[in-house]
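Below is one structure, written out as structure tokens; the observations come after it.
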Amino acid sequence: MPPVRRATQKELEEAVTALRNGDLVAFPTETVYGLGANARDAGALRRVFEAKGRPADHPLILHLDSVRFLPRWVAEVPPQVEPLARAFWPGPLTLVLPRSEEAPDVLTGGQDTIAIRIPSHPMAQQLLTAFGGGIAAPSANRYGRVSPTRPEHVREELGDAVAVILDGGESSIGVESTILSLAGERPRLLRPGSVTQAQLEAVIGPVEVGAGKGSPRVPGSTAQHYSPQTAVAIVPSTLLESRIDTLLRDARRVAVLAQRPPRKAQQGVTWINAGRRLDAYQHDLYANLRSLDKAGADLILVEEVPSQPDWAAVRDRLTRAAVNPR
Ligand code: TXA
Ligand code: MG
């Protein structure tokens, strides 16, 4: 993997000026690229929703450089925050907490909670510190699409809507942060990510999974999300070649995301072997889906991934990509 880049002084100044002017700045994080706006500028926040084509009631994550600004945005800091922050911040964990008056309604979707994350990517840290405040940032993709893990993905998808795109290389993790709500009676895992349920439980004890009664909305958890334009189907490994045969017989073009090489030569198939290692698979997942999407296939077949708990985030994103093909 190429080394993570730090921003030059000039890049930082440009980005901070853009944020102060109410413009949008795409920046790297260790999970995926974010589409950043000044979190206290309601006009800039509205531009984020416009650029993404995202419904207004889907709240954004607030990014901070450290816990120092937390009390400003949060009405009450639950006791679990301290041990979680020590274990996972800066890093790929987002906490949903009771919000303070500071947070504009556009940011929180009018809910009484706010999602907060402290990213570890050095360039994200540099930007947050230079800006000196909170940056609201959803993933820098069109609503419902695959998240960007490289600056060129952002350029392709959002180009003109963004004043500055900071190039920090490839996101090292590759899937969005784990979201944990501490705003309800019990801790609740709202979106799986590279911080696993087991890792969270080792720090704070039992964690419930999924949206519960009265728990906040997580639009990322609506069925169809993270989708390429080409339809996606998940297929058990043993059935892969026979499914392909059937599709080829109907003269359909097929693209495949697998964890192994093909067992026989089949013409008209674009095949990516993403391997069996979780880190590498996750790191390349969105870039692989993007390139398979460009292969001109009628269908993307994805070899079913392992059912182990640490594959939960990958399984979640693939399952959503496979729902309701367009
Ligand atoms: O890794 C990440 O989290 C990336 C990088 C850029 O930090 N960001 C990201 O943002 O994935 P986005 O907007 O694509 O996903 C944020 C998710 C959405 O599903 C949103 O509904 C949820 O966080 N969310 C935000 N505020 C919330 C709240 N108050 N309660 C529950 N869910 C919330
Ligand atoms: Mg997103």
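For this chain, numbers begin at 1 and follow the sequence in order. As the structure lists them, so they are numbered: ligands from 1, and atoms in each ligand from 1.
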For this session: Please determine if R317 forms a cation-pi arrangement with Y226, meaning its NZ or CZ atom is less than 6.0 Å from the six-membered ring centre and no more than 45° off the ring axis.
Result: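 That pair qualifies as a cation-pi contact.
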Under 3.5 Å between some N or O of ligand 1 and some N or O of [X]?
| X | value |
| --- | --- |
| S139 | yes |
| T31 | yes |
| R191 | yes |
| S177 | yes |

For this session: Return yes when at least one N/O/S atom of N141 is nearer than 2.8 Å to the Mg ion (ligand 2), and no when none is.
Result: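 So N141 does not count as coordinating the Mg ion (ligand 2).
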Exercise. Should S100 and V74 count as side-chain neighbours, where that means a heavy-atom distance under 4.5 Å?
Worked result: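 Counting from C-beta outward, S100 and V74 never come under 4.5 Å.
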Tell me whether ligand 1 is touched by [X] - counting only heavy atoms on the residue side and a distance under 4.0 Å.
| X | answer |
| --- | --- |
| R99 | no |
| V32 | yes |
| H58 | no |

For this session: Decide side chain to side chain contact (heavy atoms under 4.5 Å, CB included) for E11 and Q126; before the verdict, give the C-alpha distance in whole Å, the side-chain angles of both, and the deciding distance to 0.1 Å.
Result: CA-CA 11 Å; E11 284 175 316; Q126 282 180 294; over 6 Å; no
Problem set entry | Side-chain donor-acceptor pair present, T108, R99, cut-off under 3.5 Å |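 Present: a donor and an acceptor within the cut-off.
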Exercise. Can a donor-acceptor pair be found between the side chains of R150 and S171 at a distance below 3.5 Å?
Worked result: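 No.
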Exercise. Could you state the interatomic distance from OG (S172) to CD (E30), rounded to the nearest 0.5 Å?
Worked result: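 Atom-to-atom, S172:OG and E30:CD are 6.0 Å apart.
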Exercise. How does R54 reach ligand 1, if at all, at less than 4.0 Å between non-hydrogen atoms: by side chain, backbone, both, or neither?
Worked result: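 Side chain only.
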Problem set entry | Verdict with reasoning, R249 to D245, per salt bridge (charged side-chain N to carboxylate O under 4.0 Å, His left out) | CA-CA 6 Å; R249 228 175 289 134; D245 278 335; 5.3 Å; no
